[in-house]
Amino acid sequence: MSNEIMQPSSKIHDLNQFSELHDILKDPRLQGATTAISVRNAASGELIYEQFGDTRVHPASVMKLLTGSAAFETLGQDHMFKTELYMDGEIRDGVLHGDLYLRGQGDPTLTKTDLIAFVSELKKKGVRVINGNVYGDDTWYDDVRLSQDLNWSDELVHTGAQVSALTLSPNNDYDAGTVIVEVNPAKKSGQAGRVSMAPTNRYMTIVNHTKTVAKDEKKHLTVERAHGSNTVIVSGTIPVGAKKTRSWTSVWEPTNYTVSLFKQTIEERGITFTATPKIERGTIPEGATLLAAKQSISLSELFIPFMKLSNNGHAEVLVKEMGRVVGGKGSWGKGLAVMDATLADMGIDTPTLLLRDGSGMSHKNLVTANEVTHLLYAIQSKSWYPAFLHSLPVAGNEERFVGGTLRSRMKGTAAEGNVRAKTGSLNGVAALSGYVETKSGETLIFSIMVNNYLSDSINEVLDKIAITLANY
């Protein structure tokens with residue numbers, strides 16, 4: 001394909017409508033940037049418009065379309081993750097003589113509620129006292145916690161959380177490997193703000209440098225985890241009477257965090273230890289007894305928070321899961337190899353792409369707009385396609401788990417409730433790729449990826465293109 005803009009060949013489109021796209025692309029915010037666009041007819045796969053369609057660009061979170069397609073194809077939409085509780089010992093007179101092992105198999109939906117359920121199973125078996133230790137078995141995946149190109153500044157926040165086969169989420173958004181830090185004002189100005197974590201835990205330490213200020217002053221808070229530690233430093237000001245502020249911060253070493261919270265939950269539910277137990281990583285020994293197991297929601301259900309909210313952690317877990325289940329090793333290297341081969345089997349020209357992670361956080365990922373639209377065309381024949389389409393954000397729909405990252409965009413236009421697309425955003429990168437139905441009843445597949453722009457935001461430009469397509 002040439003990098004020249006193609007003239008439309010679809011019989012229902014006219015030159016004037018594509019001229020409108022030309023005008024949008026003259027926006028000064030795009031000057032000096034690379035704007036790659038590809039538009040196809042969803043019924044035929046015919047490429048009807050492109051600009052730099054075969055030029056490799058960074059996709060940001062549009063990468064999740066490739067990861068999600070490969071995961072559905074290899075793992076299946078009914079795939080579930082598992083977490084198991086084992087004991088290595090025996091129960092006598094209410095005392096567990098031996099160790100507990102919490103074994104993770106990648107479940108990003110594990111929450112404290114599940115830990116409570118595991119403790120309930122212990123109590124049903126009559127355990128009142130534990131004479132032993134608590135270990136976390138995370139050997140389902142390797143112990144490489146961060147993808148190879150993740151910026152050091154990103155690993156402190158939830159978008160760069162560490163990946164482990166045994167990890168915990170603070171709520172049903174399932175941001176695995178993170179905690180929620182909440183800041184409330186004190187009753188009087190001059191006092192420190194009230195800082196807490198959800199779930200409450202003893203694994204992380206809060207350093208509170210906040211100050212409550214007068215009601216008419218500004219709120220300005222920062223939450224930072226010190227690199228290589230679990231010390232969370234909260235600083236800034238919060239006015240009297242202000243609403244609480246919540247932010248997500250990643251955990252350093254999520255396996256140990258999960259085991260620590262499990263031990264804490266055991267004690268909270270009334271089971272005691274004969275001595276201070278070891279709380280660390282460990283592999284389940286042969287002959288250990290399975291006490292309880294928990295299965296996650298299905299992959300098709302997980303895709304709602306994954307795609308709607310653009311959850312980076314889910315993408316990286318899916319890469320490692322593909323590596324483990326299909327390739328025999330839960331690593332990024334093996335998972336990306338499986339992903340590459342799977343996309344090739346679906347007709348994608350993978351030698352033209354560079355896949356470095358599953359989420360799109362890497363600035364080394366390279367894809368082309370034409371291959372993205374080719375993929376979105378090819379998967380329409382798959383049995384899992386309805387679940388895939390359902391997981392995409394819907395423009396202008398305010399319901400969080402429907403509109404997702406598009407819930408506040410394109411309202412009051414022909415694109416509202418019509419455009420179903422994955423967003424993407426990194427420094428200097430903005431992307432939007434998905435499906436739109438035109439006024440004439442034709443479904444179009446589109447991919448827009450802008451690289452190297454310097455404006456604060458160019459989402460408005462991307463939205464104008466999608467709206468123009470909706471108005472055909």
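Computed from a prediction, not measured in an experiment: that's the story for all the values here.
- For Asn201 (side chain) and Met204 (main-chain N/O), a donor-acceptor pair under 3.5 Å exists by modelled atom type.
- Distance alone, capped at 3.5 Å, places no donor-acceptor pair between the His158 side chain and the Ile180 backbone.
- Between the side chain of Asn208 and the backbone N or O of Gly193 there is at least one donor-acceptor pair closer than 3.5 Å.
- A cation-pi arrangement is present between Arg324 and Trp140 under the rule of less than 6.0 angstrom and at most 45 degrees off the ring axis.
- A salt bridge links Glu267 to Arg202: one of the charged nitrogens lies within less than 4.0 Å of a carboxylate oxygen.
- Ring pair Phe72/Phe303: centre-to-centre distance below 6.0 Å.
- A donor-acceptor pair is defined here as one N or O able to donate and one able to accept, closer than 3.5 Å; no such pair exists between the side chain of Glu182 and the backbone of Arg246.
- Although no hydrogens or angles enter the test, the distance criterion places a donor-acceptor pair under 3.5 Å between the side chain of Asn311 and the main chain of His314.
- Applying the salt bridge (Lys or Arg N to Asp or Glu O under 4.0 Å) test to pairs two or more places apart or on separate chains, those with a residue in residues 219-239 are Glu155-Arg225.
- The closest donor-acceptor contact from the side chain of Ser359 to the backbone of Asn312 lies at 3.5 Å or more, if one exists at all.
- Note: His227 and Trp252 have perpendicular aromatic rings, judged against thresholds of 30 and 60 degrees for the angle between ring planes.
- Here the NZ-CG distance, from Lys422 to Leu66, works out to 12.0 Å after rounding to the nearest 0.5 Å.
- In the model, Asn133 has a side-chain atom that pairs as donor or acceptor with a side-chain atom of Tyr135 under 3.5 Å.
- In this structure, CD on Gln295 lies 12.0 Å from CG on Asp114, to the nearest 0.5 angstrom.
- Applying the salt bridge (Lys or Arg N to Asp or Glu O under 4.0 Å) definition to pairs two or more places apart or across chains, those involving residues 402-420 are Glu398-Lys411, Arg409-Asp463.
- The aromatic rings of Phe388 and Tyr385 sit parallel, their planes meeting at an angle under 30°, below the 60° perpendicular limit.
- In this structure, OG on Ser331 lies 7.0 Å from NZ on Lys334, to the nearest 0.5 angstrom.
- Salt bridge annotation for Arg281-Asp138: present, with a cationic side-chain nitrogen under 4.0 angstrom from a carboxylate oxygen.
- Note that CG of Asn365 and CG of Asp357 are 4.5 Å apart. Values are rounded to the nearest 0.5 Å.
- A salt bridge links Asp142 with Lys320: the distance from a Lys NZ or Arg NE/NH1/NH2 to an Asp or Glu carboxylate oxygen falls below 4.0 Å.
- Under a 3.5 Å cut-off, the side chain of Thr212 and the backbone N or O of Gln191 do form a donor-acceptor pair.
- Contact between Leu426 and Gly360 at its shortest, heavy atoms only, is CD1-O, 3.3 Å.
- Using a distance-only test at 3.5 Å, with no hydrogens or angles considered, a donor-acceptor pair links the side chain of Arg128 to the main chain of Asp93.
- One finds the CD atom of Gln51 at 11.5 Å from the OG atom of Ser38 (value rounded to the nearest 0.5 Å).
- Between the side chain of Thr111 and the main chain of Asn171, no donor-acceptor pair closer than 3.5 Å is present.
- To the nearest 0.5 Å, atoms CD (Glu84) and CG (Asp137) are separated by 9.5 Å.
- Between Lys308 and Asp173, no side-chain nitrogen of the basic residue sits less than 4.0 Å from a carboxylate oxygen of the acidic one, so the salt-bridge criterion is not met.
- Of the possible polar contacts, one joining the Ser296 side chain to the Phe81 backbone as a donor-acceptor pair under 3.5 Å is found.
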